[in-house]
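Here's the structure, in structure tokens; my notes come after.
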Amino acid sequence: FLLVPAPKSSHEVLKELATDVQVLPNYSTPQKTDSYFNPKMKLNRQLIFCALAVLAEERKPIECLDAFGATGIMGLQWAKHLRSSVKVTINDCNENSVTMIQENCHLNKMKVKLNTKEDDNDEALGDGEENTDTIEVTKMDANVIMHLRSFDFIHLDPYGTSVNYLDSAFRNVRNLGIVSLTSTDTSSLYAKAQHVALRHYGCNIVRTEYYKELAARIVIAAVTRAAARCNKGIEVLLAVALEHFVLVVVRVLRGPSPADNSAKKIRYLIHCQWCEERIFQREGNMVEENPYQQLPCDCHGSMPGKTAVVLGPLWSGALFNTGFLRRMLFEAVQYGLDEAQPLLKTLVCEAECTTSKHFTTHSPCDENKQEECGVYIKTPNNSAESYLVPGKRKSNEVIRNAAKRQKAENSAEHPAFYYNIHRHSIKGMNMPKLNKFLCYLSEAGYRVSRTHFDPMGVRTNAPLAQFKTILMKYSTPTYTGGQAEGPLHRAEDVQAGEQVEAAADGKVEDAEFLEDDKSGVAAAVFTKDYPTHCAAD
């Protein structure tokens, strides 16, 4: 078969976030095209843009890498909106994709610097307008370019799992830089192909009600191990698991001590298969005689056989950084990213473990300070004092600020996992509305919030037994009479209604008895005057 290049007229131009990209006809099928573009990942691109915008406010200029460019849409959005704050490098190992990226750069009036070899032979293309509008396009394997060069921001979005690129990503990423990765191998992460999860991530998992959060913790555990091998620790800024992808954004903390602290947060999870209660195993290397005692439930004592399984290893720390999420929300408002704003508001409430009615918005630049995890950090105006030149050792002040930030994160850490209110509903009972149930749990003294992982999920530090008790207390019995759907009645109303119906039935029976007496007398008179003989009688 001969591969005939498609004519220029067959290219379709798509627009997203004021950025134009031309794609081939089969752009949504990765097996049939070199310029893969997925419109369903628009929310993912907006979240990554907000994270990069926050980092660009901390220090500038920053060198950022889109390791898998495809059409180049993500790097073009970075360069077009953040301008001089970023130096964008778009990489792809496919020659047709590199050609498409160059054409899209010219379509958006960007200058291109082409680098197709490993010995830094650069070729400038296009009319030079400004150096700030220059995008570097490279044709290399992603592992090679991340081994050769250092970056402040790296985004990995391969087709499938990204574990093959984690070691090279953390090898040269600069201190206090950000690594974001999008995993689209949802079949293995969501426990549909458990053997693949064991092969890629080294994790034993089963399908649970909280499988999306389980997927996020699996990916973070793999990221933590890869960073620890390079003597680097991580601080999780954001973890999102939706229908098509799992997005994880982490900040890199250089040094063996942060690496050890991050590695200690990788633990195994004990999951009860009867009631779906779960708890992380205690720290320590000693073998316990009865690990079932760690579970709050008593299913092992009341049910025959083995009732729990061990899942993991998983990340047991926090999944969100409140201060970073608030600054991401501020950037989303500034750039008009409408799709990302509702999700970021939900994430802020989830990170603080509060309901949406307690959510408050404020500018992160008030009084030249930004609050991140309860610790105030300096704004970009004073960024030279709070952050060093990339590649240099950290000062004592930066080390203390990072330690304070991690300590505050641990003290205000949100509860792990969530419960689905429908999964634990009582048969024959009508549950309260979800927002009212959140208020009931909060009045009982528990931390509570909704979660983006599950629209009917409740993130709370209440044990499952107490969760079910409060749910039972405020549930009402379902009316099971003649009408399947109808208003619920109180017990007193039902009793009064039964008494009224009984009295009405008594009156009807009396009337029928009187009518029977009258008809009986008339029949006797009739039979007296006119005797009849019938075989039926």
Discussion item. If only side-chain N and O atoms count, and only distance matters, is there a donor-acceptor pair under 3.5 Å linking Ser188 with Asp185?
Written reply: yes
Worksheet item: Hey, does the side chain of Arg459 reach the backbone of Pro415 with a donor-acceptor pair shorter than 3.5 angstrom?
Response: yes
Discussion item. Tell me if the centroids of the rings in Phe417 and Phe453 come within less than 6.0 Å of each other.
Written reply: no
Worksheet entry | Presence of salt bridge, Lys468 and Glu277, under 4.0 angstrom | no
Fill in: Side chain to side chain, Leu295 and His300, heavy atoms closer than 4.5 Å
no
Fill in: Side-chain (Thr478) to main-chain (Gly428) donor-acceptor, under 3.5 angstrom
yes
Worksheet item: Around atom OH of Tyr440, are there more than 12 heavy atoms of other residues, nucleotides or ligands at under 6.0 Å?
Response: yes
Item to complete: Using a 4.5 Å cut-off on heavy atoms from C-beta on, say whether the side chain of Leu238 contacts that of Val248.
Response: no
Worksheet item: Does the pair Leu65 and Phe153 meet the rule for a side chain to side chain contact (heavy atoms under 4.5 Å, CB included), with working shown?
Response: CA-CA 6 Å; Leu65 170 68; Phe153 184 92; over 6 Å; no
Worksheet item: Ion pair present between Arg229 and Asp167, side-chain N to carboxylate O less than 4.0 angstrom?
Response: yes
Discussion item. So which atom in Gly233 and which in Ser262 form the shortest heavy-atom distance, rounded to 0.1 Å?
Written reply: CA-OG, 3.6 Å
Item to complete: Please answer whether the main-chain N or O of Leu471 pairs with a side-chain N or O of Ser475 as donor and acceptor at a distance below 3.5 Å.
Response: yes
Item to complete: Report yes or no: do Asp157 and Thr182 form a side-chain donor-acceptor pair below 3.5 Å?
Response: no
Item to complete: Please round to the nearest 0.5 Å and tell me the distance separating atom CZ of Arg267 and atom CZ of Arg217.
Response: 10.5 Å
Worksheet item: Is His244 close to Thr184 at the side-chain level, that is, under 4.5 Å between some pair of heavy atoms?
Response: no
Worksheet item: Side-chain donor-acceptor pair under 3.5 Å between Thr346 and His452, yes or no?
Response: no
Worksheet entry | Heavy-atom side-chain proximity of Ile178 to Val252 below 4.5 angstrom | no
Worksheet entry | Met303 atom CE, neighbour heavy-atom count above 12 within 6.0 Å | yes
Worksheet item: Which pair of non-hydrogen atoms, one from Val249 and one from Ser180, has the smallest distance, and what is that distance?
Response: CG2-CB, 3.8 Å
Worksheet item: Is it true that Arg278 and Glu209 have a side-chain N and a carboxylate O under 4.0 angstrom from each other?
Response: yes
Item to complete: Evaluate the salt bridge (charged side-chain N to carboxylate O under 4.0 Å, His left out) criterion for residues Lys42 and Glu16: first the C-alpha distance (whole Å), next the side-chain angles of each, then the deciding distance (0.1 Å), finally the verdict.
Response: CA-CA 8 Å; Lys42 180 180 179 181; Glu16 180 181 300; 5.8 Å; no
Worksheet item: With a 6.0 Å cut-off on ring centres, are Phe467 and Tyr446 close enough?
Response: no
Discussion item. Check whether His81 reaches the backbone of Leu17 with its side chain - one donor and one acceptor, N or O, closer than 3.5 Å.
Written reply: yes
Worksheet entry | Stepwise side chain to side chain contact (heavy atoms under 4.5 Å, CB included) test for Asp152 and Cys64 | CA-CA 6 Å; Asp152 299 285; Cys64 49; over 6 Å; no
Worksheet item: Is it true that Glu276 and Arg423 make a salt bridge, defined as a side-chain N closer than 4.0 Å to a carboxylate O?
Response: yes
Item to complete: Run the numbers on Tyr210 and Thr451 for side chain to side chain donor-acceptor pair (under 3.5 Å), then give the verdict.
Response: CA-CA 11 Å; Tyr210 51 93; Thr451 176; over 6 Å; no
Discussion item. Quick check for you: to the nearest 0.5 Å, what is the distance between Thr469 atom OG1 and Leu464 atom CG?
Written reply: 9.0 Å
Worksheet item: Does the side chain of Tyr159 come within less than 4.5 Å of Phe68's, by heavy atoms?
Response: no
Item to complete: Inspect the contact between Arg447 and Glu352 and indicate whether a charged nitrogen and a carboxylate oxygen are less than 4.0 angstrom apart.
Response: no
Worksheet item: Stepwise, does the side chain to side chain contact (heavy atoms under 4.5 Å, CB included) test hold for Val310 with Gln281?
Response: CA-CA 9 Å; Val310 177; Gln281 277 189 352; 4.3 Å; yes
Item to complete: Taking Ser316 for its side chain and Lys265 for its backbone only, find out whether a donor-acceptor pair lies under 3.5 Å.
Response: yes
Discussion item. Has Arg207 got a side-chain atom pairing as donor or acceptor with Tyr190's backbone, closer than 3.5 angstrom?
Written reply: yes
Worksheet item: Are Asn204 and Leu198 side-chain neighbours, meaning at least one heavy-atom pair lies under 4.5 Å?
Response: yes
Worksheet, complete the sentence: Heavy-atom closest pair (Gln77 atom, Thr19 atom, distance to 0.1 Å) is CG-OG1, 3.5 Å
Worksheet entry | Pairwise side-chain contact, Val458 with Tyr418, heavy-atom cut-off 4.5 Å (strictly under) | no
Response to the item:
Value for CG (Leu166) from OG1 (Thr161), rounded to nearest 0.5 Å, stands at 7.5 Å
Worksheet item: With a 4.0 Å cut-off, would you call Glu350 and Arg450 a salt bridge?
Response: no
Item to complete: Could you verify whether a donor N or O on one side chain and an acceptor N or O on the other, from Gln293 and Glu288, lie under 3.5 Å apart?
Response: no
Worksheet item: Closest heavy-atom contact between Ala340 and Leu43?
Response: CA-CD1, 3.7 Å
Practice prompt. Please name the pair of heavy atoms, one in Ala239 and one in Ile220, separated by the smallest distance, quoted to 0.1 Å.
Written response: CB-CD1, 4.0 Å
Worksheet entry | Heavy-atom closest contact (Val236 atom, Ala318 atom, distance) | CB-O, 3.7 Å
Item to complete: Nearest 0.5 Å please: distance from the CG atom of Asp454 over to the CD1 atom of Ile421.
Response: 10.5 Å
Worksheet item: Looking at side-chain heavy atoms only, is the closest gap between Glu331 and Phe49 below 4.5 Å?
Response: no
Practice prompt. Give a yes or no answer on whether the side chain of Ser442 reaches the backbone of Cys439 with a donor-acceptor pair at less than 3.5 Å.
Written response: no
Discussion item. I need the Leu237 CG to Leu319 CG distance, nearest 0.5 Å.
Written reply: 11.5 Å
Worksheet, complete the sentence: CD (Gln294) and CD1 (Ile279) are apart, to the nearest 0.5 Å, by 6.5 Å
Worksheet item: Charged N to carboxylate O under 4.0 angstrom, Glu58 versus Arg327?
Response: yes
Discussion item. Before you tell me yes or no, could you show the steps for Tyr474 and Met431 under side chain to side chain contact (heavy atoms under 4.5 Å, CB included), namely the whole-Å CA-CA distance, both residues' side-chain angles and the distance that decides it to 0.1 Å?
Written reply: CA-CA 7 Å; Tyr474 293 98; Met431 298 182 306; over 6 Å; no
Worksheet entry | Ring center gap for Phe280 and Tyr268 short of 6.0 angstrom | no
